[in-house]
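Notes for the one structure printed next.
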Amino acid sequence: MDHHIIIIGGGASALMLASLLPKNTATIIESNPKPGAKILVSGGGKCNITNSRMGTEYFLGDTNFVQEPLKKFNEKALLRWLERQNLNPVLRKETQYFCKDSAKELLDIFLKESKKQTLCTSEQVLEVTKRDEIFYVKTNKRTHTAKAVVVASGGLSYPKIGASSIGYKIAESFGHTVVKTAPALVGFTVQKEQFFFKELSGVSTDVKILVGDHVCEGALLFAHKGVSGPAVLDASLYWEKGKIEIDFLPHFSWKYVQGSKKQISSLLPMPKRVTKAFLLQFQLEDKPFHQCTKEEQETLQTLSHYSFAPAGTFGYAKAEVTKGGVETSEVDSSTMMSKKEEGLYFIGEVLDVTGRLGGYNFQWAFSSAYSCAKHLSRTFS
Ligand SMILES: Cc1cc2nc3c(=O)[nH]c(=O)nc-3n(C[C@H](O)[C@H](O)[C@H](O)COP(=O)(O)OP(=O)(O)OC[C@H]3O[C@@H](n4cnc5c(N)ncnc54)[C@H](O)[C@@H]3O)c2cc1C
């Protein structure tokens, strides 16, 4: 037997698990030439590690399942662990913790800590089978044997840095259900009625987006192909199809501007370019607000509840995460072990748990890895 534990994938959850396990107990198998590629590109290169506002309400999926790992290793525990490794993340945007200068600061810690395990890179896992209590992990290079296998292979987003569907395939081969996957934390493409957004490419404005019962606040960024930015990315978590409603004037009250002599483009608190683009669409000229007819005022007020159906999303190529994944009711939330196959574990994004924008996905990767590590350490010590 090579090692007791094989970890499939060398991303965030795998590296945390390898760091927490006793020395020489695990082998990480990563298809990329180097582990942790996604960490390096995350958070604009500074990795949004976690958030001071933590709770199950920031996650999509079964909140009962998320609760236990999050309780065992929450944002405070994570920050304490990082502090012990001499990493003190900095707070940005009030609640989000980032690496001070570069995501490499976090990756370096993981590379140092996980050195106590064996790391196989440029090796792609193809299949996992089990016979007589032994797992056989077939790769493009050889077949590893193990007593336990942890699937930490992530989701389908960002295929250019190694994402694959292997985790779902392994889950299904052991009788697990995989909840339909979709790109999430991703921009929306638009239909022809909104093609004029393209003219605003690069402009950002604060909005409130209503998707079903969910309200997502923050910046909206007009993009060449549609809309992006933090509020849109969060909204994509809850969108499947149909209309969304955008309030382009979230801190503005029409009540207090009645009779105003200001030009419309000076009155409305959004970038002038945006106001002018909408005026063009509404076939309204930019004039003093008090000169608008009742009907024209009503047209302008639709900016507070602008409703449209996105054509789709920018897809996995641009999505920060994959929603859906391994059905969590079939996994034990206190150990991350499959309820269908003893010794098979799932951690991180491969599970049907998706966090909102703001460091929640890394927190989930680390919290689920921690629960798994505690159990495996007891089992294999
Ligand atoms: C551009 C971008 C920015 C992001 N920014 C943030 C952020 O700031 N904060 C945040 O919380 N989240 C962020 N995320 C999301 C976060 O990176 C993921 O949720 C997190 O990395 C999931 O960890 P994981 O270990 O489950 O999977 P991953 O980190 O994706 O790791 C999975 C690993 O498995 C490997 N693998 C896949 N298939 C195979 C195979 N067949 N054989 C061997 N290895 C395989 C992959 O190469 C990969 O290294 C971002 C994501 C992207 C794409």
Side-chain angles (χ1 to χ4, degrees), residues 6-18 27-51 54 58-59 75 78 89 92-93 96-99 103 106-107 110 119-128 137-141 144 149-170 183-187 228 230 233 237 314-323 325-326 336 345-369 372:
I6 296 276
I7 306 172
I8 300 178
S13 60
L15 291 170
M16 176 57 97
L17 175 62
T27 298
I28 300 176
I29 308 177
E30 167 57 53
S31 55
N32 283 331
K34 285 181 182 167
K38 220 176 254 182
I39 294 177
L40 288 182
V41 298
S42 68
K46 292 194 172 175
C47 187
N48 181 191
I49 304 169
T50 188
N51 200 300
M54 193 51 64
Y58 297 103
F59 294 86
E75 80 290 358
L78 171 63
R92 295 216 172 92
K93 300 179 191 168
Q96 296 171 231
Y97 285 97
F98 284 82
C99 289
L106 178 64
L107 184 58
F110 282 136
L119 175 63
C120 301
T121 50
S122 302
E123 187 165 343
Q124 192 186 8
V125 173
L126 303 173
E127 185 190 44
V128 178
V137 180
K138 187 177 164 203
T139 73
N140 58 339
K141 294 187 175 166
H144 301 257
V149 167
V150 183
V151 181
S153 53
L156 299 170
S157 33
Y158 261 56
K160 65 179 174 201
I161 48 171
S164 85
S165 58
I166 190 67
Y168 310 130
K169 285 190 188 139
I170 295 168
L185 297 186
V186 64
S228 186
L233 298 198
L237 276 184
F314 293 173
Y316 287 116
K318 299 268 174 179
E320 291 203 1
V321 288
T322 302
K323 66 178 172 182
V326 177
M336 297 294 132
Y345 298 77
F346 297 93
I347 58 172
E349 202 182 305
V350 73
L351 285 157
D352 179 23
V353 173
T354 314
R356 289 184 72 152
L357 199 74
Y360 298 103
N361 286 295
F362 278 129
Q363 181 67 49
W364 171 247
F366 301 146
S367 295
S368 55
C372 183

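Counting starts at 1 for both ligands and their atoms, following the listed order.
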(request) Could you tell me whether Val321 approaches ligand 1 through its side chain, its backbone, both or neither, with non-hydrogen atoms closer than 4.0 Å? (result)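 It is the side chain that touches ligand 1; the backbone stays farther off.
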(message) Please classify the Tyr360 to ligand 1 contact at 4.0 Å (heavy-atom distances, strictly less than): side chain, backbone, both or neither.
(response)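 The answer is the backbone of Tyr360.
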(message) Please check: side-chain N/O of Asn32 versus main-chain N/O of Ile161, any donor-acceptor pairing under 3.5 Å?
(response)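 The answer is yes, because a donor-acceptor pair under 3.5 Å joins these two groups.
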Is there a nitrogen or oxygen of [X] sitting under 3.5 Å from a nitrogen or oxygen of ligand 1?
X	value
Ser31	yes
Gln363	no
Gly43	yes
Ser42	no
Asn48	yes
Ala365	no

List the closest protein heavy-atom neighbour of [atom]: residue, atom name, distance to the nearest 0.1 Å.
atom	answer
atom 22 (C) of ligand 1	Glu349 OE1, 3.5 Å
atom 17 (O) of ligand 1	Phe362 CZ, 3.3 Å
atom 42 (N) of ligand 1	Val125 N, 2.9 Å
atom 27 (O) of ligand 1	Gly154 CA, 3.4 Å
atom 34 (O) of ligand 1	Gly9 CA, 3.3 Å
atom 30 (O) of ligand 1	Lys38 NZ, 3.2 Å
atom 38 (N) of ligand 1	Ser164 OG, 2.7 Å
atom 37 (C) of ligand 1	Gly162 O, 3.3 Å

(message) We want to know whether Gln124 and Thr139 form a side-chain donor-acceptor pair, criterion being a heavy-atom distance below 3.5 angstrom.
(response) no
(message) Quick one about Thr121 and Glu30 (side-chain donor to acceptor, distance below 3.5 Å, no hydrogens or angles considered), yes or no?
(response) no
Which atoms of ligand 1 are found less than 4.0 Å from any heavy atom of [X]?
X	result
Gly10	33 (C), 34 (O), 49 (O)
Ser153	32 (C), 34 (O), 37 (C)
Ser13	24 (P), 25 (O), 26 (O)

(message) Ring centres under 6.0 Å, that's the criterion: do Phe362 and Tyr97 meet it?
(response) no
(request) Validate the cation-pi geometry between Lys318 and Tyr316: distance from NZ or CZ to the six-membered ring centre under 6.0 Å, angle to the ring axis within 45°. (result) no
(request) Establish, yes or no, whether the cationic atom of Arg356 lies under 6.0 Å from the six-membered ring centre of Tyr58 and within 45° of the ring axis. (result) no
(message) On a heavy-atom basis, I'd like to know which of Gln124, Glu320, Arg356 is closest to atom 15 (C) of ligand 1.
(response)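 It is Glu320 that holds the nearest heavy atom.
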(request) Indicate yes or no: at least one non-hydrogen side-chain atom of Leu15 is less than 4.5 angstrom from one of Pro35. (result)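 Yes, close enough: below the 4.5 Å cut-off.
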(message) Contact between ligand 1 and Ala152 is defined here as a heavy atom of the residue under 4.0 Å from a ligand atom; is it met?
(response) yes
(message) Any heavy atom of Ala37 closer to ligand 1 than 4.0 angstrom?
(response)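 No, Ala37 has no heavy atoms under 4.0 Å from ligand 1.
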(message) As a quick check of understanding, evaluate side chain to side chain donor-acceptor pair (under 3.5 Å) for Asn48 and Gln96, giving each step before the final call.
(response) CA-CA 6 Å; Asn48 181 191; Gln96 296 171 231; 2.8 Å; yes
(request) To the nearest 0.5 angstrom, please state how far the OG atom of Ser368 sits from the CG atom of Leu17. (result) 9.0 Å
